[in-house]
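As the structure is a computational prediction, the values presented were derived from the model and not from experiment. Note that these values count all heavy atoms, side chains included, but never hydrogens, waters or copies made by symmetry. Counting convention: from 1, in listed order, for ligands and their atoms alike.
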Amino acid sequence: MEILSKGSLHKMNYTDLKKRFVEIYGEGEIRIFSAAGRVNLIGEHIDYNGGNVMPAALNLACTVIARPNNSEKIKLAFTTIDNREVLDINKLEQYKTLKYGNYQAGVAYVMQKEGFSIVGCDMLYDASVPFGSGLSSSAAIEVSTALTLATFSKESGNNKKDIDLVELAVLSQKAENQYVGVNSGIMDQFASAMGKAEHAIVLDCSTLKCQYVPLKLGDYSLVIANTNKPRSLADSKYNERRSECEQALSILQKSLDINNLCEMSPDIFTQNKHLLSGKIKDRAEHCVFEQDRVNKSVIAMTNGNLKEFGQLLNKSHQSLKDLYEVTGIELDTLAETAQKVQGCIGSRMTGAGFGGCTVSLVKTDMVDSFIEEVTKIYTKKIGYAPTFYNTTICNGAYEVKA
Ligand code: GLA
């Protein structure tokens, strides 16, 4: 499912990456691990409310070139920034404020606390997921780090556990919550680890059970567009939304036997929404109806009913704009412009919001004119252009045999 693009993506090939690794760390055996970024098709801001979400892993990924170094140090280098970091595996708690390397340190720290024996290693990171784009660049870093460290830990003989990608996703989420300080749900790390080529994941976030739905897009393509809005305040607003949902839940739990907001059907919510007021009510309403849209999307996708799926994407955006209030002028302009352009049957923001990307369903032979038209209108209104990515839906995390 190739999408035409006007955006250029950073991506080194494996031969160049190995060469770069040798320049930095010297000759020797080299291993390569990869974990994907993701696009969330629908089910936004409900993973931390026990909902079902529908993400898919992208070919935009974080690649780690690595090998154990027989020391007590994890050495970090990056292809896109000059910075180098050295982490002492006996003092992993002390790197929380690092600008580059805190995600890696957080993953190593959490894994160590959970019984993995972390071994020193040399690592080179190459990220093709654009940072701050809402396509889970941080989850891709976390999961690729976790897979690398778990593999070396197992091979060191100190840890006999088999590699379990779901476990690594959960550990990665813990690192983000407890070490980096963003209270994110499980969706991004799960998709980054468990994605399947040409399939959407339908993940029940209250049980971590998932099923894969083939993306039967027929004559249509998924087009991902970046607002290019510099993201600010996203993390604090995210944590604020999460706590608003917790407040809504605790009020409703006084009258209803529920464990999370997404357990309520639209009917039950409608009968009980008088218990809530103001923004708290709006946030809960978004969650309940977004869950309903995911359920309907799974049916629509399974039946190949793309028009219906497109309508659900539009409704999801509207609700994220009006009830959850996580869009902003850039995302609204991008999605609402797309919705009106010929050939597009649905468009919405994807990810946490407050900037980042949209995902649109566009007739494949009209993608070029779609990109042109949306770029023209968006640029005129916002003052700078969006970027369109050339993406395919791929597998999540794995060791690359190259
Ligand atoms: C971010 C978080 C996810 C999820 C989305 C919104 O990407 O990391 O856990 O909550 O926002 O759906």
Side-chain angles (χ1 to χ4, degrees), residues 35-58 60 62 103 106-107 129-143 166 169-195 200-206 208 210 224 226-227 231 233-246 260-262 283 286-291 293-294 297 312-313 316-317 319-321 323-328 331 335 348-359 396:
R38 63 100 190 88
V39 57
N40 186 22
L41 299 177
I42 194 160
E44 215 64 88
H45 283 281
I46 59 171
D47 60 344
Y48 52 86
N49 287 304
N52 289 2
V53 294
M54 203 173 166
L58 296 170
L60 309 177
C62 180
Y103 286 95
V107 168
V129 193
F131 289 119
S133 59
L135 300 178
S136 293
S137 52
S138 45
I141 294 172
E142 290 155 2
V143 173
V166 175
V170 171
L171 290 170
S172 297
Q173 182 206 9
K174 255 192 199 166
E176 183 144 342
N177 292 174
Q178 295 172 4
Y179 198 90
V180 181
V182 183
N183 234 344
S184 55
I186 186 62
M187 172 171 74
D188 301 351
Q189 291 80 8
F190 195 98
S192 178
M194 296 292 291
I201 303 167
V202 180
L203 171 65
D204 177 339
C205 297
S206 62
L208 295 192
C210 84
I224 297 172
N226 193 340
T227 58
R231 285 223 293 175
L233 285 179
D235 292 351
S236 61
K237 287 279 174 205
Y238 184 92
N239 288 347
E240 184 183 293
R241 290 296 175 279
R242 192 163 177 162
S243 82
E244 287 166 342
C245 290
E246 281 160 10
N260 60 59
L261 291 179
C262 290
R283 309 303 187 229
H286 164 76
C287 295
V288 170
F289 286 87
E290 183 75 354
Q291 167 70 71
R293 284 186 285 273
V294 174
S297 294
L312 293 162
L313 296 182
S316 169
H317 186 87
S319 175
L320 288 156
K321 177 183 177 184
L323 298 177
Y324 218 71
E325 294 182 294
V326 291
T327 56
L331 279 169
R348 63 179 288 275
M349 59 154 271
T350 183
F354 314 103
C357 288
T358 59
V359 55

Can you list the atoms of ligand 1 that are under 4.0 Å from a heavy atom of Y238? 1 (C), 2 (C), 3 (C), 4 (C), 9 (O), 10 (O), 11 (O)

With Q189 as reference, evaluate K174, R38, E142, Q173 under the side chain to side chain donor-acceptor pair (under 3.5 Å) test and give the passing residue. E142

Under the rule for salt bridge (Lys or Arg N to Asp or Glu O under 4.0 Å), what residues qualify as partners of E176, not counting sequence neighbours? none

Which atom names give the shortest non-hydrogen contact between I201 and C210, and what distance separates them? CG2-CB, 3.9 Å

Within 4.0 Å of some non-hydrogen atom of S184, the atoms of ligand 1 are 2 (C), 8 (O), 9 (O)

Regarding ligand 1, does I46 bring an N or O atom to under 3.5 Å of one of the ligand's N or O atoms? no

Quick one: does N40 get an N or O within less than 3.5 Å of an N or O on ligand 1? no

Give the residue, atom name and distance (to 0.1 Å) of the protein heavy atom nearest atom 5 (C) of ligand 1. M187 CE, 3.8 Å

Could you tell me whether ligand 1 has any atom less than 4.0 Å away from a heavy atom of R241? no

Answer yes if the side chains of R242 and S184 hold a donor-acceptor pair under 3.5 Å, and no otherwise. no

Minimum heavy-atom distance between E290 and S316, given as atom pair plus value: OE2-OG, 2.9 Å

Looking at L331, is its backbone amide N or carbonyl O close enough to the side chain of T227 to form a donor-acceptor pair, meaning the two atoms are under 3.5 Å apart? no

Please could you name the atoms of ligand 1 that G351 approaches to less than 4.0 Å, counting only its heavy atoms? 6 (C), 11 (O)

Short N or O distance, R38 and ligand 1, threshold 3.5 Å exclusive: yes

Which ligand 1 atoms are under 4.0 Å away from a heavy-atom of Y48? 10 (O)

Can you report which non-hydrogen protein atom sits closest to atom 3 (C) of ligand 1, along with the distance? D47 OD2, 3.3 Å

Parallel, tilted or perpendicular: rings of Y238 and Y48 (30°, 60°): perpendicular

For atom 1 (C) of ligand 1, the protein heavy atom that lies nearest, with its residue and separation: D188 OD2, 3.5 Å

Would you mind telling me which of K321, R241, R348 makes a salt bridge (Lys or Arg N to Asp or Glu O under 4.0 Å) with E44? R348

Where ligand 1 meets G185 - atom numbers and elements under 4.0 angstrom, heavy-atom basis: 9 (O)

